Visitor: 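For reference, the structure I am asking about is given below.
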Amino acid sequence: MASSMGLALCGQALVVRGGSRFLATSTASSDDGSLFTYDCSAAEKKVQENKGEDGQPVDQGSDTILASTFSKSGSYFALTDDSKRLILFRTKPWQCLSVRSVVRRCTALTFTASEQRVLVADKSGDVYSFSVLEPQGCGRLELGHLSMLLDVALSPDDRFVLTADRDEKIRVSWAAEPHCIESFCLGHTEFVSRILVVPGHPELLLSSSGDCTLRLWEYRSGRQLHCCDLASLQEPAEAQGHQRFAVSRIAFWCQESCVALLCDCLPVVFVFQLDACRRQLTFRQRLRFPRRVWDIAFEETQGLWVLQDCREVPLALWRPTGDQWQPVPDSAVSQRLCGHLRGSRATLEGSATVDDGFRGLYKATFDNMSSYLKKKEERLQQQERKRQQSPPPGAPGHTKKTRPGRAALGC
């Protein structure tokens, strides 16, 4: 549901992924330039039955990374790929701990705050948990939806599991007893693309949807606090080209209480200010880019990192200067990271693919009345043509048909 190019950041650990590969480095100015690279196509694959129910070979996947995330402390990193695998890493130092199979292709994953388990959400609507302390342990089914899951999150105290699905719902379930539902956050009119429990404000939730809105919730009660219409923030030329879009990333910067939104088909980043006391969001700025933006992430001590489709500056750093956000072109850290990415650009982009994002998730609309009236008019016209072509009763050549085997009556 997102681009195969992605960015993950925790503390000063940074990961850039593309296709089946990822590159890990550090944003620290004292970093010695060490890199860790990994290719999922070289990971262990279990031998499975290669035929589906119809006896035809099933797709084994291209090893493209679908989702990735760090644990809270940055000690662990996990990813899922389209070969139905969950791969777990230790980051200090970098080491692959396990390669485990999952039932369905996954759309999102997250670590518990205790870092004891990792939750993965899949396309069939289920959430499985896998042990971190027992890297070879099998997954356990925790909960399920009746439609595809697009994101999963946990409350900071690990008490609640929050899941977002294609059918416009956000469900809040008890982690200890997932069949017990605390609340639903209802209001979106299209699929819910992303959810984020606001760091530093454990009672608040941000959500985005294919209905072009950003919403703020008090998730335990399911109460909506604020709603922002993103379509109204577009310029007229953009609005004509992109009538609907979905947010592919929600990022939050605790230092400035800033919310950054990346949309899957617009080369812009929307920046909002969160007023937690007044429970509202205020639009601040649109950051415009000449090319596609792949992903965004905040670093608390630096600012907003932007991974973009630009050969010269693949990774850009933005910071607020006064009331406006501006790029930081002369940052030594940015230049060093861009050097790493330029050197690995062919490796990452060679396996990267461009997908349709969320385009296939929108509800199909049907105008049944127009179709009915059109067919009715065609039927009436056809009957009128037949009436005009048939001769009137009693005209020459018009004979009354008799039943077979029955003689005509004579005088």
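Bear in mind that the values here come from a model prediction, so they are computed numbers and not experimental data.
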Visitor: Okay, side chain of R90, backbone of S75: is any donor-acceptor separation there less than 3.5 Å?
Guide: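 No; judged by distance alone, with no hydrogens or angles, the pair does not exist.
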Visitor: Can you check whether E256's main-chain N or O pairs, donor with acceptor, with Q273's side chain at less than 3.5 Å?
Guide: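 Judged by distance alone, yes, a pair lies under 3.5 Å.
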Visitor: Angle between ring planes, F130 versus Y128, binned at 30° and 60°: parallel, tilted or perpendicular?
Guide: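 Plane angle between 30° and 60°, so tilted.
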Visitor: Just wondering, are more than 12 heavy atoms of other shown residues or ligands nearer than 6.0 Å to CD in E134?
Guide: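 Open.
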Visitor: Output all residues satisfying side chain to side chain contact (heavy atoms under 4.5 Å, CB included) with T80, sequence neighbours left out; order by chain, then residue number.
Guide: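 Here the qualifying residues are L66, A67, L86, C106, L109, V120.
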Visitor: Start with the C-alpha distance between E378 and Q382, add both sets of side-chain angles, then the distance that settles side-chain hydrogen bond (donor to acceptor under 3.5 Å, both in side chains), and finish with yes or no.
Guide: CA-CA 6 Å; E378 292 175 351; Q382 186 178 16; over 6 Å; no
Visitor: Counting only N and O atoms by type, is there a donor-acceptor contact under 3.5 Å from the side chain of D165 to the main-chain atoms of L149?
Guide: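 It does not hold such a pair.
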Visitor: Who passes side chain to side chain donor-acceptor pair (under 3.5 Å) against D39, sequence neighbours left out?
Guide: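 Result, side chain to side chain donor-acceptor pair (under 3.5 Å) vs D39: S20, R21, S41.
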Visitor: Determine whether S208 and I250 make a side-chain contact, defined as any pair of heavy atoms from C-beta on separated by less than 4.5 Å.
Guide: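 Side-chain contact under 4.5 Å: yes.
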Visitor: Which pair of non-hydrogen atoms, one from L206 and one from L216, has the smallest distance, and what is that distance?
Guide: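 Closest approach of L206 to L216, heavy atoms only: CD2-CD1, 3.8 Å.
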Visitor: Please find the pair of heavy atoms, one from G18 and one from M5, that lie closest to each other, and give the distance.
Guide: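 The pair with the smallest heavy-atom distance is CA-SD, 3.5 Å.
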Visitor: Report the C-alpha distance between I170 and I195 in whole Å, list the side-chain angles of each, state the deciding distance to 0.1 Å, and finish with yes or no for side chain to side chain contact (heavy atoms under 4.5 Å, CB included).
Guide: CA-CA 9 Å; I170 302 172; I195 55 175; 4.0 Å; yes
Visitor: Could you tell me if the side chain of F283 sits less than 4.5 Å from the side chain of C228, heavy atoms only?
Guide: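 Sidechains of F283 and C228: no contact.
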Visitor: Less than 4.0 angstrom from a charged side-chain N to a carboxylate O is my criterion; do D158 and R117 meet it?
Guide: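 Salt bridge: no.
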Visitor: Run the ring pair (Phe, Tyr, Trp, His ring centres under 6.0 Å) test on F70 and Y76 for me, step by step, so that the C-alpha distance in whole Å, both residues' side-chain angles and the decisive distance to 0.1 Å come before the verdict.
Guide: CA-CA 6 Å; F70 279 99; Y76 296 98; over 10 Å; no
Visitor: Can you list every pair that meets salt bridge (charged side-chain N to carboxylate O under 4.0 Å, His left out) and has a residue in residues 202-211, with sequence neighbours left out?
Guide: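 Sorted result for residues 202-211: E203-R279, D211-R215.
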Visitor: Minimum heavy-atom separation for F252 and S257, please, with both atom names.
Guide: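 Nearest heavy atoms, F252 then S257: CZ-CA, 3.8 Å.
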Visitor: For D229, does its backbone N or O pair with a side-chain atom of S232 as donor and acceptor, under 3.5 Å?
Guide: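 Side chain of S232 to backbone of D229, a donor-acceptor pair under 3.5 Å: yes, one is there.
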Visitor: Roughly how far, to the nearest 0.5 Å, is CG of L266 from CZ of R288?
Guide: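 Separation between the atoms: 11.0 Å.
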Visitor: Please name the pair of heavy atoms, one in P202 and one in Y219, separated by the smallest distance, quoted to 0.1 Å.
Guide: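 Taking every non-hydrogen atom into account, O-OH, 2.6 Å.
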Visitor: Could you check whether any side-chain heavy atom of F298 comes within less than 4.5 Å of a side-chain heavy atom of L9, counting everything from C-beta outward?
Guide: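 F298 vs L9: side chains apart.
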Visitor: Is the distance from the ring center of F22 to that of F89 below 6.0 Å?
Guide: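 Yes - the distance between ring centres of F22 and F89 falls below the 6.0 Å cut-off.
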Visitor: For a 4.5 angstrom cut-off between non-hydrogen side-chain atoms, does V118 reach T110?
Guide: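 Contact flag for V118/T110 side chains = no.
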Visitor: At their closest point, which heavy atom of G6 faces which heavy atom of L307, and how far apart are they?
Guide: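 Here G6 and L307 meet closest at O-CD2, 3.5 Å.
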Visitor: Test side chain to side chain contact (heavy atoms under 4.5 Å, CB included) on V132 and F111 and set out the steps.
Guide: CA-CA 9 Å; V132 174; F111 283 90; 3.8 Å; yes
Visitor: In plain terms, say whether R140 and E142 are close enough for a salt bridge, that is, a side-chain N and a carboxylate O under 4.0 Å apart.
Guide: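 Result for this pair is yes, salt bridge flagged.
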Visitor: Would you check, one step at a time, whether the test ring pair (Phe, Tyr, Trp, His ring centres under 6.0 Å) holds for W174 with F160?
Guide: CA-CA 5 Å; W174 284 85; F160 299 101; 4.6 Å; yes
Visitor: Hey, are the side chains of L143 and T163 touching, using non-hydrogen atoms and a 4.5 Å cut-off?
Guide: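 Yes. Closest side-chain heavy atoms under 4.5 Å.
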Visitor: If we ignore hydrogens and angles and just use 3.5 Å, is the side chain of D122 paired with the main-chain N or O of S124 as donor and acceptor?
Guide: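 Present.
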Visitor: Going by side chain to side chain donor-acceptor pair (under 3.5 Å), name the residues that satisfy it together with R249, two or more places apart in sequence or in a different chain.
Guide: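 Once residues adjacent in sequence are excluded, the partners of R249 under the side chain to side chain donor-acceptor pair (under 3.5 Å) criterion are D295.
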Visitor: Would you say the side chain of V15 lies within less than 4.5 Å of the side chain of L7, judging by non-hydrogen atoms?
Guide: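 L7 does not reach V15 side chain to side chain.
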Visitor: Are more than 12 heavy atoms from other residues, nucleotides or ligands located less than 6.0 Å from atom NZ of K169?
Guide: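 Check passes, neighbour count above 12.
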Visitor: Any donor and acceptor pair, going by atom type alone, linking the side chain of H188 with main-chain N or O of S209 inside 3.5 Å?
Guide: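 No.
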Visitor: Determine, step by step, whether W253 and W325 satisfy the ring pair (Phe, Tyr, Trp, His ring centres under 6.0 Å) criterion, reporting the C-alpha distance in whole Å, the side-chain angles of both residues, the deciding distance to 0.1 Å, and the verdict.
Guide: CA-CA 13 Å; W253 194 16; W325 284 73; 5.7 Å; yes
Visitor: Would you mind reporting whether V161 and L154 have side-chain heavy atoms less than 4.5 Å apart?
Guide: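 They are in side-chain contact.
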Visitor: State whether the number of non-hydrogen atoms from other residues, nucleotides or ligands found under 6.0 Å of K374 atom NZ is greater than 12.
Guide: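 For K374, atom NZ is not crowded (no more than 12 foreign heavy atoms under 6.0 Å).
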Visitor: Pick one: which of L146, L361, T107 meets side chain to side chain contact (heavy atoms under 4.5 Å, CB included) with R166?
Guide: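 Option passing the side chain to side chain contact (heavy atoms under 4.5 Å, CB included) with R166: L361.
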Visitor: Between F77 and W94 (judged by ring centroids, cut-off 6.0 Å), do the two rings come close enough to count as a pair?
Guide: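 They qualify: ring centres under 6.0 Å apart.
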Visitor: If we ignore angles and hydrogens, is there a donor and acceptor under 3.5 Å between the side chains of S62 and D82?
Guide: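 The criterion, which ignores hydrogens and geometry beyond distance, is satisfied for D82 and S62.
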Visitor: F289 and W294: aromatic ring centres closer than 6.0 Å?
Guide: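 They do not qualify: ring centres at least 6.0 Å apart.
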Visitor: Between Y38 and I87, is a side chain to side chain contact (heavy atoms under 4.5 Å, CB included) present by the stated rule, with each step listed?
Guide: CA-CA 11 Å; Y38 188 85; I87 306 179; 4.1 Å; yes
Visitor: R100 side chain to P135 main-chain N or O, any donor-acceptor pair under 3.5 Å?
Guide: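 Flag set: sc R100 to bb P135 pair under 3.5 Å.
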Visitor: Could you tell me whether the side chain of D264 and the main chain of S248 form a donor-acceptor pair under 3.5 Å?
Guide: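 No, the answer is negative, given that no donor and acceptor are paired below the 3.5 Å cut-off.
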Visitor: Give the C-alpha distance, both sets of side-chain angles, the deciding distance and a yes or no for side-chain hydrogen bond (donor to acceptor under 3.5 Å, both in side chains) between D63 and S83.
Guide: CA-CA 5 Å; D63 306 319; S83 294; 2.6 Å; yes
Visitor: Please list all pairs passing the salt bridge (charged side-chain N to carboxylate O under 4.0 Å, His left out) test where one or both residues lie in residues 170-186, with sequence neighbours left out.
Guide: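 Residue pairs passing salt bridge (charged side-chain N to carboxylate O under 4.0 Å, His left out), neighbours aside: E182-R220.
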Visitor: May I ask you to decide if L133's main-chain N or O and S131's side chain share a donor-acceptor pair within less than 3.5 Å?
Guide: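 Looks like yes, one N/O pair under 3.5 Å.
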Visitor: For D126, which residues count as a salt bridge (charged side-chain N to carboxylate O under 4.0 Å, His left out) partner, sequence neighbours excluded?
Guide: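 Applying salt bridge (charged side-chain N to carboxylate O under 4.0 Å, His left out) to D126 gives none.
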Visitor: Check whether any side-chain heavy atom of L204 sits under 4.5 Å from a side-chain heavy atom of W217, and report yes or no.
Guide: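 Result no, sub-4.5 Å side-chain heavy-atom pair not found.
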Visitor: Would you say the side-chain atoms of S221 pair up with the backbone N or O of E218, donor to acceptor, closer than 3.5 Å?
Guide: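 Pair found, side chain donor or acceptor close to backbone of E218.
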Visitor: How about CG on D323, more than 12 heavy atoms from neighbouring residues, nucleotides or ligands closer than 6.0 Å, or not?
Guide: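 Result for CG/D323: open.
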Visitor: For the residue pair R319 / Q302, report whether a side-chain donor-acceptor contact shorter than 3.5 Å exists.
Guide: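 Q302 vs R319: donor-acceptor pair found between side chains.
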Visitor: Start with the C-alpha gap between L337 and V333, add the side-chain angles, then the distance that decides, and say whether side chain to side chain contact (heavy atoms under 4.5 Å, CB included) holds.
Guide: CA-CA 6 Å; L337 295 176; V333 174; 4.0 Å; yes
Visitor: May I ask you to check whether W305 and E299 show a side-chain donor-acceptor distance below 3.5 Å?
Guide: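 The criterion, which ignores hydrogens and geometry beyond distance, is satisfied for E299 and W305.
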Visitor: Quick one: closest heavy-atom pair of C40 and R85, and the distance?
Guide: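 So the two residues come closest at O-NH2, 2.8 Å.
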